[in-house]
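Reading through the structure tokens given below for one structure.
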Amino acid sequence: MSRPASHRPIPPRPIRRRIAAGGLALGRLVRAVLALAALIVLIVGLPWGLAHFVGWPLPHHVPSWDEIEARLTGPMDDTLLLDILAVLLWPLWAAFTLSVVAAVPDVVREARWPSHHPPLPASGMRGLATFLLGAVLLTVLQARGPFTSTSGPAAAPAVATAPAAPRFVPVAATSVTDPALPAAAAGTAVVQLPANGVYDSLWRIADRCLGDGARWPEIWALNHGVLQADGRALTQPGLIRPGWVLILPTPPATVPSPAGHAPSTPPTSQAPAGPAPTPTAPSSVSPPAASPPTTPTPPASTPAPGHAAPPTPLSPPTSPVTPSPTSAPPTTPAAPPSHPSAPSRPPGVQFPSGGYLGLGAVALLVVALFSVRLWRRRHYVPGSGVRDDLVEAPVIHQLAAAYNSATAERDADGELVVVRPPGDPHITGRRHAAATATAHAAPPGTRIVGTTGDGQPLALDLAATRGLGLIGPGADAAIRALLVTLLADRHQPDAAPAEVLIPAADVRRLLGEDTTATPPQRLHIVADLPTLLDRLEADVVTRARRAATGEDPRRTSLIVLAAPDQTSDRRLQAVLDNGSPLGVVGILYGQWRPGATARVRPDGVIGAASPDIATALVGHRLFTLPEADTGQLLDLLADADAPAANQEEYRRVNPTQGPQPPPPTSAPPPSSATVTPAPPPPPTPDVSPTADEPPGPDTPLPPDGGAAPAEPTDAVPPAPASSPPRLPRAVTPLLLTLFGRLQLRYRAAPDGDYQPVDGIGGPSQEILAYLAAHPDGAHRRTIIDAVWPDDGKLPRQRDNRFYAAISQLRRGLAAATGGTIDDVFDHDDRRWRLRRDLITVDLWQVDEALDARRRATTTAGELAAILPLAATYTGHLSDDISGTWAESHRENLRRQVSDALASITADVGEDNPQRLELLETLRRLDPYNEGLYVQIARTQARLGQPDAVAATYRQLVVALAEIGERPTPDTDRVFQAAMRPGPPGTRSA
């Protein structure tokens with residue numbers, strides 16, 4: 001029989017521990033003495049000194065104006081100076097005394113050991129008063145034992161229960177610092193005390209007692225509003241108090257299986273219907289796998305609150321298993337089903353500014369970029385002269401160049417060239433980027449957040465971590481990259497929608513104080529963290545109720561980006577614990593003990609992490625973005641919201657018509673002698689039973705994609721551009737055509753025919769196109785920077801590329817001309833230009849026509865200049881040149897030509913058939929401009945051509961279907977009005 005606790009001898013402590021304890025006690029005593037002396041001096045000594053040495057500082061009577069003037073203009077003596085100081089010190093003393101009085105209740109209430117760091121004021125008079133009072137009070141209460149924290153959840157009173165048989169309880173089994181908790185009866189669970197700053201939650205109780213944290217809504221439904229021993233009740237899922245006794249759901253009766261294995265226990269009717277993440281974080285960190293593993297994950301032992309232990313191998317059960325606090329039912333691994341194999345591309349893309357993003361995220365940003373460019377083309381008004389939207393941020397050029405470099409193919413000479421299928425560069429570029437993003441998409445339920453040490457994608461189930469905290473010098477850059485990656489997922493058609501919540505203070509920390517850009521639609525900036533938590537708590541309850549009705553709670557993700565603080569830690573932990581099975585994800589700046597924490601170096605490499613994820617993350621590199629690049633990419637995503645919303649609406653209206661089939665990720669470079677024909681456009685949608693009236697604004701397209709017989713060719717206005725293009729006039733032996741696909745031609749005799757010059761590689765063609773777009777020439781370094789954007793190569797290596805391309809061009813010219821021409825460049829002082837005596841460029845002729853149109857003073861002169869312009873401009877500028885420099889030239893020239901034609905069209909009457917021809921020429925310049933179709937329909941209505949109006953509408957629907965959009969309701973109404981019968985020339989739609 002053991003002795004009573006009061007008579008147990010206390011073993012002597014070692015001398016070192018005694019010395020250390022004495023030193024700590026002496027230090028606390030000295031600190032208390034100094035603090036008490038400071039309080040006495042400030043509260044008692046200061047007023048005594050002022051009263052004794054200074055006295056009453058104010059005048060004893062109301063001074064006259066002469067006395068005031070004499071005192072102010074006279075010399076300052078010691079008495080006046082002391083009086084002024086006394087007048088200032090008396091209010092300060094009064095304010096400090098009031099602060100001391102006001103701090104006494106807080107210090108008494110928050111009294112605890114110094115290692116707990118109570119969240120009391122730390123600055124100003126209140127902070128000084130709190131510090132001095134706390135130093136005195138903690139030392140006085142030293143001999144009385146530690147205080148229990150009262151700022152956290154209130155502990156329920158201990159309930160005394162008589163044991164079945166009288167026995168003595170050893171001292172080692174109890175602790176004076178931990179209040180007793182009630183014993184858990186069968187079918188109940190007791191909320192545990194916080195351990196290492198981690199509080200208990202409904203998710204952790206369900207994980208501990210039921211084996212599945214996703215079943216917490218069942219516990220919430222059974223205990224909602226139930227009165228506890230302390231007189232309080234459970235009213236919020238995120239607010240439970242230590243000592244509360246919660247009723248657990250009753251498991252259904254288990255029926256032994258014929259094979260003798262453990263039967264599966266289906267969830268109750270209140271369990272969420274959606275998929276739940278694995279309870280352990282390490283199993284959710286893995287590179288994308290091409291096929292799922294076939295071995296199931298063995299049961300995992302339940303870790304202590306706040307710690308997730310990796311699964312330990314256990315033998316398979318041989319008897320029925322019931323949920324218990326120490327065992328969990330077997331769960332399937334978090335690995336995804338079969339996933340399209342990614343091409344042999346590096347998973348990370350480096351930006352010249354220092355940013356590092358995944359190739360999948362870069363591809364989605366490129367999809368957004370092309371969507372914005374197509375949106376601008378659709379809504380441009382010819383003749384407006386708008387050019388501001390063509391000025392793009394530096395990171396946009398870096399983004400396009402990085403994507404081109406990451407997806408380039410090697411030609412026969414081993415040179416990396418960008419290969420795209422023929423067609424509109426915006427359409428083909430967006431399809432190519434969408435295919436690349438699909439090939440590099442993360443497995444379902446995970447996000448690719450970085451790259452492993454051996455260059456593989458690093459996929460992480462962020463929800464399973466129940467909050468990922470990032471610390472270190474690279475934490476902000478990693479959070480910025482995650483923010484951009486999450487928002488870019490909107491441009492993946494099959495991706496789950498993600499909404500991001502972030503407090504305003506964290507936005508300023510991540511993006512700077514002067515950020516005023518309009519955020520993307522799915523980035524919600526809230527006032528502060530408590531407001532964010534209010535919304536999250538309501539959303540978690542709503543998701544739990546929807547999950548109980550059978551809805552998938554993870555069809556939309558809710559991401560929290562915030563810096564936690566001590567006052568909101570408990571609420572945030574409860575939200576992330578309970579919301580992790582429901583699609584709530586936490587990305588936090590700072591240490592996060594309830595979940596996982598990783599320390600990020602400046603280069604994005606994880607140097608250390610919490611034990612549960614250390615083996616899966618340490619040594620790997622996270623994606624990072626600098627502050628300036630992040631703001632510019634967020635502006636891009638904000639601009640892409642409108643086309644993204646239109647595409648989502650288009651997919652809802654046409655559920656069976658998915659995105660266009662993506663081209664192969666890699667394709668051999670096309671030969672200069674052959675041109676691959678563009679794929680045929682989709683069939684024309686069926687517009688109405690009468691085939692003469694377009695659908696109303698609310699009429700959806702047919703579910704089969706809108707296929708219908710096309711209109712006979714005689715009802716469609718003729719398209720001169722479909723005829724073989726005529727070569728521009730030239731008197732030189734060489735002719736360079738840039739409209740359409742770039743081609744260099746040569747003729748030996750002045751009256752002969754031009755023949756293509758073969759054997760010119762991609763870089764050589766791009767140098768020719770760049771110098772043709774800059775007829776006055778350019779410096780060699782400027783040409784190199786445009787054709788080969790900065791990719792980290794040394795200047796000498798980039799110079800070698802330039803001269804290798806020039807040499808290849810000269811060899812091709814010499815072979816095609818029989819040695820008569822081996823160079824078309826004129827260069828001096830490192831400035832290069834094309835020789836006008838040897839080569840003619842169709843772009844130069846278009847520029848001359850535009851200059852002649854500007855100089856014209858009459859309508860006839862403008863029309864005479866426009867006619868050769870329309871004959872030469874047979875396609876867009878260098879569709880096969882994908883360099884970032886070509887985009888601004890291509891779109892600027894397109895708008896110049898459109899403005900020139902629009903100016904002539906405005907001078908032609910609405911009843912003149914020539915106006916219709918000019919509008920058709922404008923439409924061929926940009927078939928996605930919706931406003932041009934409206935003008936054509938109005939002119940056709942004026943000319944009495946209702947059949948042509950219907951054909952124009954079908955052409956509009958087909959053109960917009962290529963970019964995943966539909967005509968606006970206003971456009972539908974215009975076409976309805978234009979096709980109403982009426983005498984020609986009497987009205988306009």
Side-chain angles (χ1 to χ4, degrees), residues 112-120 122 149 151-153 193-201 203-204 238 280-282 284-285 303-310 449-450 460-483 501-503 505-506 509-510 528-530 532-533 536 559-577 579-580 584-624:
R112 62 181 76 191
W113 296 108
S115 59
H116 286 219
H117 299 291
L120 293 176
S149 172
S151 64
L193 290 169
N196 297 324
V198 180
Y199 292 87
D200 213 354
S201 66
W203 194 98
R204 295 175 187 270
T280 54
S284 64
V285 184
H307 301 279
V449 298
L460 175 63
D461 187 350
L462 294 174
T465 62
R466 300 195 299 275
L468 176 63
L470 298 179
I471 59 176
D476 275 350
I479 293 176
R480 294 189 200 103
L482 283 172
L483 172 63
L501 300 177
I502 181 172
D506 295 298
R509 191 194 75 247
L510 292 174
D528 48 27
L529 185 57
L532 184 148
L533 291 176
L536 283 178
I559 295 96
V560 181
L561 267 68
D565 53 37
Q566 295 181 357
T567 59
S568 304
D569 275 358
R570 184 183 177 189
R571 293 181 62 192
L572 182 57
Q573 177 202 326
V575 166
L576 295 180
D577 280 353
S580 59
V584 179
V585 177
I587 301 172
L588 310 173
Y589 177 76
Q591 187 176 9
W592 185 242
R593 293 180 179 178
T597 304
R599 181 174 181 82
V600 188
R601 299 173 184 169
D603 58 353
V605 177
I606 299 177
S610 49
D612 48 356
I613 61 170
T615 57
L617 290 183
V618 173
H620 303 324
R621 183 180 183 184
L622 297 180
F623 298 135
T624 56

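Only this structure's heavy atoms are used, side chains among them; waters, hydrogens and symmetry mates stay out.
The side-chain heavy atoms of Val600 and Asp476, taken from C-beta on, include no pair separated by under 4.5 Å. Side-chain contact between Leu501 and Leu561: absent, with no pair of heavy atoms (C-beta onward) separated by less than 4.5 Å. Counting heavy atoms from C-beta on, the side chains of Asp528 and Leu532 never come closer than 4.5 Å. With contacts defined as side-chain heavy-atom distances shorter than 4.5 Å, the pair Gln573/Pro564 does not qualify. A heavy-atom distance below 4.5 Å is found between the side chains of Leu572 and Leu588. The side-chain heavy atoms of Val560 and Ile587, taken from C-beta on, include no pair separated by under 4.5 Å. For the pair Val585/Leu468, no side-chain contact is recorded, criterion being any heavy-atom separation below 4.5 Å from C-beta on. Counting only heavy atoms from C-beta outward, the side chains of Pro473 and Arg599 approach each other to under 4.5 Å.
Within the model, atoms CG of Leu470 and OG1 of Thr597 stand 8.5 Å from one another, a figure rounded to the nearest 0.5 Å. A distance of 7.0 Å separates CZ in Arg509 from CD1 in Ile502, rounded to the nearest 0.5 Å. Atom OG of Ser610 sits about 9.0 Å away from atom CD of Gln591, to the nearest 0.5 Å.
Here the closest heavy-atom approach between residue Gly467 and residue Leu576 is recorded as CA-CD1, 3.8 Å. Pairing each heavy atom of Ser568 with each of Leu533, the nearest pair is CB-CD1, 3.7 Å. The shortest heavy-atom contact between Leu529 and Ala562 is CD1-CB, 3.9 Å. Annotation for Ala574 and Ser201: closest pair CA-CB, 4.5 Å, computed over non-hydrogen atoms. Summarising the geometry of Thr624 relative to Ala478, their closest heavy-atom pair is CG2-N, 4.1 Å, with the distance given to 0.1 Å.
Between the side chain of Thr465 and the backbone N or O of Leu462, at least one donor-acceptor pair lies under 3.5 Å. Side-chain atoms of Arg601 never come within 3.5 Å of backbone atoms of Gly472 as a donor-acceptor pair (strictly under, hydrogens ignored). Between the side chain of Trp592 and the backbone N or O of Arg466, at least one donor-acceptor pair lies under 3.5 Å. Looking only at distances, a side-chain donor or acceptor of Arg621 sits under 3.5 Å from a matching main-chain atom of Asp603.
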Review point. Should Leu482 and Phe623 be marked as a side chain to side chain contact (heavy atoms under 4.5 Å, CB included) after you check the CA-CA gap, both sets of side-chain angles, and the distance that decides it?
Key: CA-CA 7 Å; Leu482 283 172; Phe623 298 135; over 6 Å; no
